[in-house]
Every structure is written in C-alpha cells, then in structure tokens.
Protein chains: 2
Amino acid sequence: MEYTVLVRMNEKLFLRDPESSALGRRIVRQGILLVTDIGFEEMTFRKLAERISTKEASIYRYFENKHRLLVYLVAWYWQWLEYQVVFQTNNLTDPREKLERILKLMLLKDFAQPNASSAADEMDVAALHRIVIREASKAYLTHHITEDNRHQLFKPYKDLCGRIAGIILEYRPDYPYARSRASSIIETAHYQAFFMQYLPSLTDFGTGSGGQLGNEDRLLSFLRHLLFSSLETATLSTSR
Amino acid sequence: MEYTVLVRMNEKLFLRDPESSALGRRIVRQGILLVTDIGFEEMTFRKLAERISTKEASIYRYFENKHRLLVYLVAWYWQWLEYQVVFQTNNLTDPREKLERILKLMLLKDFAQPNASSAADEMDVAALHRIVIREASKAYLTHHITEDNRHQLFKPYKDLCGRIAGIILEYRPDYPYARSRASSIIETAHYQAFFMQYLPSLTDFGTGSGGQLGNEDRLLSFLRHLLFSSLETATLSTSR
DNA sequence: CAAATATGATAGTAATACTATTATTCTTGC
DNA sequence: GCAAGAATAATAGTATTACTATCATATTTG
C-alpha cells in the first residue's frame with residue numbers, strides 16, 4: 001500500500017513507467033544487478049537486454065538512455081530513503097534520536113525490510129545502496145545538469161536533504177547551515193564508505209586493526225561525531 | 001626551479017611524459033580547456049587533436065586513453081595543491097593558522113600565482129580547479145579502481161590528505177579521525193562548491209540573498225565551522 | 001473478438017575508442 | 001652538415017556503442 005506511494009516517480013525520469021509492466025520491472029531490477037556487477041560505464045542496454053532475454057530496442061522504450069536509467073535508480077533510492085526516514089522518525093520526539101536513526105539509515109542499518117514472501121519482485125536495496133555509493137555522483141556530474149535539474153530529476157535528493165535539514169533545525173533551530181549540513185553528511189557517508197573499501201588510507205577505517213568496533217561502526221561513530229560536533233558548537237562565527 | 005619538482009609525475013600516469021615536448025604540453029594545457037568547455041564525457045581525443053591541430057594517434061602516444069588523461073590532470077592538481085600547502089604553511093607555527101590557510105587554498109583563494117611573464121605555457125589552475133570539482137570523482141569511481149590504485153595513480157591525493165591529516169594532529173594530537181577528516185573536508189569543499197552553482201537548494205549558499213558575505217565566503221565559513229567544531233569537540237565517543 | 005498496444009526480430013547509422021602502417025619532419029650526436 | 005633515430009602527420013581500418021527505424025507478432029483491453 002504505502003509502497004505504491006513510495007514508488008510513484010516523476011514522469012520525466014522515464015519514457016514508459018517501468019513499474020507498469022513485467023518487462024519494465026525486470027529492466028529495473030536486473031539493471032540494478034548488472035550495474036553492481038560490472039559498473040555503470042561498462043553496462044550497456046545490449047548487455048542488459050541479453051541478461052533479461054529481450055531486445056535493446058525494448059529497453060529504449062522505457063528509458064531514453066542509460067544515464068536516465070541511472071538517474072531513475074538513484075531517484076528511486078532517495079525516495080525510498082526518505083520514506084524510511086519518515087517511517088522511522090515519525091514516532092520519535094527527540095530530534096537527536098531522529099538524527100541518530102538517519103545516520104544508521106544512511107549506512108543501511110536496521111531499515112524496514114519488506115516481507116520475505118514478496119522478495120522475488122522487490123528491488124534489491126542493498127545493491128542499490130552500493131550503486132548510490134559508487135555511481136550516484138555520475139547522475140549529476142554532467143554537462144547537462146542544468147537541463148536535467150529543470151526537469152526535476154534531482155527532486156527526490158533535494159526532498160530528502162530538505163527533510164533532514166528540517167530535523168536538524170528541530171534539534172538546533174538557529175543552525176545557519178541546515179541544508180549544507182544535510183547534503184554534506186549524506187555525501188560524506190557515501191564516499192567515506194567507498195574510500196574505506198577501495199582507498200582505505202584516505203580514512204581511519206582501514207580493513208584491519210583499530211579498536212574493538214568493526215569498520216562500519218567506526219564510520220558510523222565518525223559521522224555521529226561530525227554531525228553532532230557541528231550542531232553543538234556554541235559559537236558560530238559566520239564572518240570571522 | 002621548484003616547479004620542476006612540482007610536476008615530476010608518476011610515470012604510470014602517461015605513456016610518454018607530456019611535459020617533455022611542446023606537443024605534450026599543448027595536449028595537457030588545451031585538454032584542460034577543452035574539458036572545462038564541453039565536459040569530460042563529451043571530450044574525445046579526436047576533438048582535442050583538432051583543437052591543437054594534431055592527430056588522434058599522436059595523443060594516444062602520450063596517454064593510453066582519456067580516462068588516464070583525467071587521472072593525470074587531477075593528480076597534477078593534487079601535487080600542485082600539496083606544494084601550495086607546504087609553501088604557505090611552512091613559515092607558520094600555529095596549526096590553526098595552517099588549517100585556515102588550507103581551507104582557503106581548497107577554494108583557490110590567495111594561492112601563489114606564477115610570474116606573469118611565463119603565463120603562456122602555464123597550466124590554467126583555475127580551470128583545473130573547476131575540473132577537479134566537476135570531474136575528479138570520475139577518476140576513482142571506476143570498476144578498475146583497484147588496479148589503478150595498485151599503479152599508484154591516486155598517490156598524490158593520498159599524499160595531500162596525509163599531509164593535512166598531519167597538520168590536524170599538530171592541532172589536536174589525540175584526534176582519532178585525522179585522515180577521514182582530511183579527505184572529507186576536501187570532498188565537502190568541492191561538491192558544496194558544485195551544489196552552490198548547480199543545485200543551490202542543497203546548500204545554504206544560494207545565488208541570491210543571505211548575509212553580507214558572498215557565497216564563496218559563506219562556503220568558507222561553513223568549512224571552517226565544520227572543521228574546527230569537529231576538532232574542538234571535547235568528548236569523542238568512539239563507541240557510544 | 002476487434003482494435004489498440006507492447007514486444008520481438010532484424011537492420012542500419014553515426015560516433016567513439018581505439019590500432020596499424022607508412023610517409024614525412026624534426027632532433028641530435030658526431 | 002649530415003646520417004641515424006625519434007617524433008609526428010596522414011591515412012586507413014576495426015570493434016563497439018548508442019542509438020533509430022521498420023515491420024511482424026504477440027498480448028492486452030474495451
């Protein structure tokens with residue numbers, strides 16, 4: 001029920017709604033798996049078509065090109081995440097608790113799993129999370145960002161950041177950088193997770209050693225530290 | 001003099017050293033301008049060759065492919081920036097002052113300009129800065145990052161982060177996240193600058209309004225706030 | 001069950017990302 | 001000043017990519 005609300009996507013994100021047909025759903029679900037397998041650059045509609053036993057031209061009836069498919073996947077993830085944020089913070093009163101939950105969600109901890117019975121047709125959120133970490137910035141780091149933005153393709157990300165910014169302001173109403181704080185904590189979560197895996201010397205969460213916590217938990221501690229240290233700073237010198 | 005030290009690049013970054021010939025230097029310098037003009041995805045060696053009146057095959061003798069050219073440009077920038085950091089902080093004793101200088105350098109404020117006479121053959125650092133903001137993550141967000149990393153292609157970035165992490169530890173010797181703090185402040189500086197320009201609603205530095213400071217200065221204030229609030233936090237709950 | 005719609009099957013095009021080959025020019029050591 | 005070697009120009013060619021077009025065949029739906 002709420003799921004259909006969750007996946008109602010901006011119509012500019014596709015040519016034909018992939019959720020409206022079995023083929024469309026396979027394009028999206030297998031597209032996620034193919035991109036996680038071989039990476040976005042190496043993914044082609046031909047390979048995806050072969051994987052799901054259809055033809056290139058059929059995929060082009062759903063998505064203009066592979067960049068739009070990426071934008072769709074990433075937008076879906078942001079909408080899903082915002083839904084999780086709303087769902088998991090609605091019953092909380094303490095804004096600090098809300099922010100704690102959000103940090104965990106950003107690392108895909110303790111999110112609301114769909115019922116196991118309908119798992120076959122579900123989106124693989126864990127795979128999508130990996131795509132967001134590795135590929136999401138390619139969705140907006142393009143020469144045509146202005147046009148894409150005009151088509152509202154990034155609205156789900158903006159909505160999520162706006163919602164988190166609102167909770168930041170609940171926690172600290174006079175905080176002057178709520179939106180930048182929201183977008184930067186999300187981005188930091190993602191590329192620190194990436195660096196942790198591929199360029200660990202850029203982090204303090206190397207694969208081995210360090211503390212009794214696992215790397216994921218140490219990353220979470222770092223994000224908590226970053227977020228709350230900034231929100232709890234007494235003096236905010238806007239000039240200097 | 002120090003310049004030759006600065007540009008001594010890892011030999012894995014190219015096939016033939018582009019600084020060793022006039023054509024190589026034009027490839028790099030005009031490559032910077034072409035990428036800033038049309039974006040990395042749209043740049044091709046054919047277009048670059050036409051721009052500098054040479055042939056595609058000649059460019060391939062210097063760089064294996066266009067991704068390697070991007071990696072080269074980004075690596076050059078990190079080496080240049082590390083040099084600037086060393087140069088501008090060497091005479092300072094206060095680590096806080098050093099970090100202040102570094103923040104400004106990250107936004108390309110007050111950097112040491114080369115003498116105007118030799119400007120014709122200089123790298124356009126301002127254009128390169130724009131490339132780093134818009135394209136640098138494409139240098140490492142690839143399916144072949146592990147191999148590229150084995151070839152040390154990202155060493156200049158690691159070196160810069162390591163140096164900044166060292167200064168962070170001068171300022172606060174017990175800080176447990178020095179490397180992550182260094183990499184995250186750099187990344188934050190760059191995509192906040194990007195968002196400010198293209199997706200301003202993700203930031204608090206919209207094109208209009210707000211305070212008496214310009215957007216660049218407000219971004220600097222934000223970065224200063226982020227960095228020092230985290231470094232000055234009394235209690236660092238590594239667990240929780 | 002007819003009409004509309006979706007997909008399959010096949011073909012084709014322009015551009016991209018290279019590689020190869022040979023001719024020409026440009027250096028550089030002697 | 002010239003021969004040997006290196007760099008570049010000029011031209012060609014290939015496999016792949018990123019599409020678009022067309023028409024036949026299913027499949028859905030009113």
Side-chain angles (χ1 to χ4, degrees), chain A residues 11-31 34-35 37-73 121 135 138-139 141-144 147-148 153, chain B residues 11-31 34-35 37-73 121 135 138-139 142-144 147-148:
Chain A
E11 306 215 338
K12 287 286 172 66
L13 287 165
F14 46 75
L15 295 173
R16 187 199 299 295
D17 183 0
E19 290 302 316
S20 70
S21 76
L23 178 62
R25 285 188 294 274
R26 287 202 320 187
I27 289 169
V28 169
R29 280 144 185 78
Q30 292 295 314
L34 184 58
V35 172
D37 279 0
I38 65 175
F40 177 68
E41 270 74 26
E42 288 73 17
M43 188 272 276
T44 68
F45 277 0
R46 185 175 297 268
K47 289 178 191 167
L48 178 54
E50 272 163 28
R51 183 169 177 137
I52 61 182
S53 304
T54 184
K55 297 286 158 179
E56 219 179 342
S58 297
I59 301 180
Y60 276 105
R61 288 190 196 102
Y62 286 89
F63 294 101
E64 251 179 278
N65 52 55
K66 71 172 186 167
H67 182 259
R68 284 297 174 101
L69 173 56
L70 177 65
V71 173
Y72 178 90
L73 295 180
D121 199 47
E135 322 282 4
K138 296 168 194 169
L141 290 177
T142 70
H143 205 237
H144 46 88
E147 208 193 330
D148 289 350
L153 303 192
Chain B
E11 304 214 340
K12 286 287 172 68
L13 286 165
F14 46 75
L15 295 173
R16 186 198 300 292
D17 183 358
E19 289 303 317
S20 70
S21 76
L23 179 61
R25 285 188 294 275
R26 285 200 315 164
I27 289 169
V28 169
R29 281 144 185 77
Q30 292 295 314
L34 183 58
V35 171
D37 280 359
I38 66 175
F40 177 67
E41 270 74 27
E42 289 72 18
M43 187 272 277
T44 68
F45 278 0
R46 185 176 298 269
K47 289 178 192 167
L48 178 54
E50 271 162 29
R51 183 169 178 138
I52 60 182
S53 303
T54 185
K55 297 286 159 181
E56 220 179 341
S58 297
I59 301 179
Y60 276 104
R61 286 190 204 99
Y62 287 88
F63 294 101
E64 250 180 279
N65 52 54
K66 72 172 184 165
H67 182 259
R68 285 297 175 102
L69 173 57
L70 177 65
V71 173
Y72 179 90
L73 295 180
D121 198 45
E135 324 280 4
K138 297 168 193 168
T142 69
H143 205 237
H144 45 89
E147 209 194 328
D148 288 350

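Numbers restart at 1 for each chain; the letters A, B, ... are given by sequence-line order, proteins then strands.
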Can you figure out which of [options] approaches the side chain of [X] most closely?
X: Thr54(B); options: dT7(C), dG13(D), dA9(D); answer: dA9(D)
X: Ala57(B); options: dT16(C), dA10(D), dC18(C); answer: dA10(D)
X: Glu56(B); options: dC19(D), dT7(C), dC18(C); answer: dC18(C)

Quickly work out the [X] [atom1] to [N] [atom2] distance and round it to whole Å.
X: Lys55(A); N: dA6(C); atom1: NZ; atom2: C1'; value: 16 Å
X: Asp17(A); N: dT5(C); atom1: CG; atom2: C1'; value: 16 Å
X: Leu69(B); N: dC18(C); atom1: CG; atom2: C1'; value: 15 Å
X: Glu42(A); N: dT17(D); atom1: CD; atom2: C1'; value: 13 Å

Between Phe45(A) and Lys66(A), is there a cation-pi geometry (under 6.0 Å to ring centre, at most 45° from the normal)? no
Looking for any heavy atom pair under 4.0 Å, which part of the strands does [X] touch: base, sugar-phosphate only, or nothing?
X: Tyr62(A); answer: sugar-phosphate
X: Phe45(B); answer: nothing
X: Glu41(B); answer: nothing

Min side-chain heavy-atom separation Pro18(B)-Ile27(B) under 4.5 Å: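 They are not in side-chain contact.
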Take Tyr60(A) and Ser53(B), find for each the nucleotide of DNA chain D with the closest heavy atom, and name the residue whose nucleotide sits nearer the 5' end.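 Comparing both residues, the 5'-ward one is Ser53(B).
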With DNA chain C as reference, determine whether Lys66(B) or Arg61(B) sits nearer its 5' end, using the nearest nucleotide of each.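 First, find each residue's nearest nucleotide; the 5'-ward one identifies Lys66(B).
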Please answer whether the main-chain N or O of Glu41(A) pairs with a side-chain N or O of Lys138(A) as donor and acceptor at a distance below 3.5 Å. no
With a 4.0 Å cut-off on N to O distance, would you call Asp37(B) and Arg51(B) a salt bridge?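 Counted as a salt bridge, because a side-chain N and a carboxylate O are separated by less than 4.0 Å.
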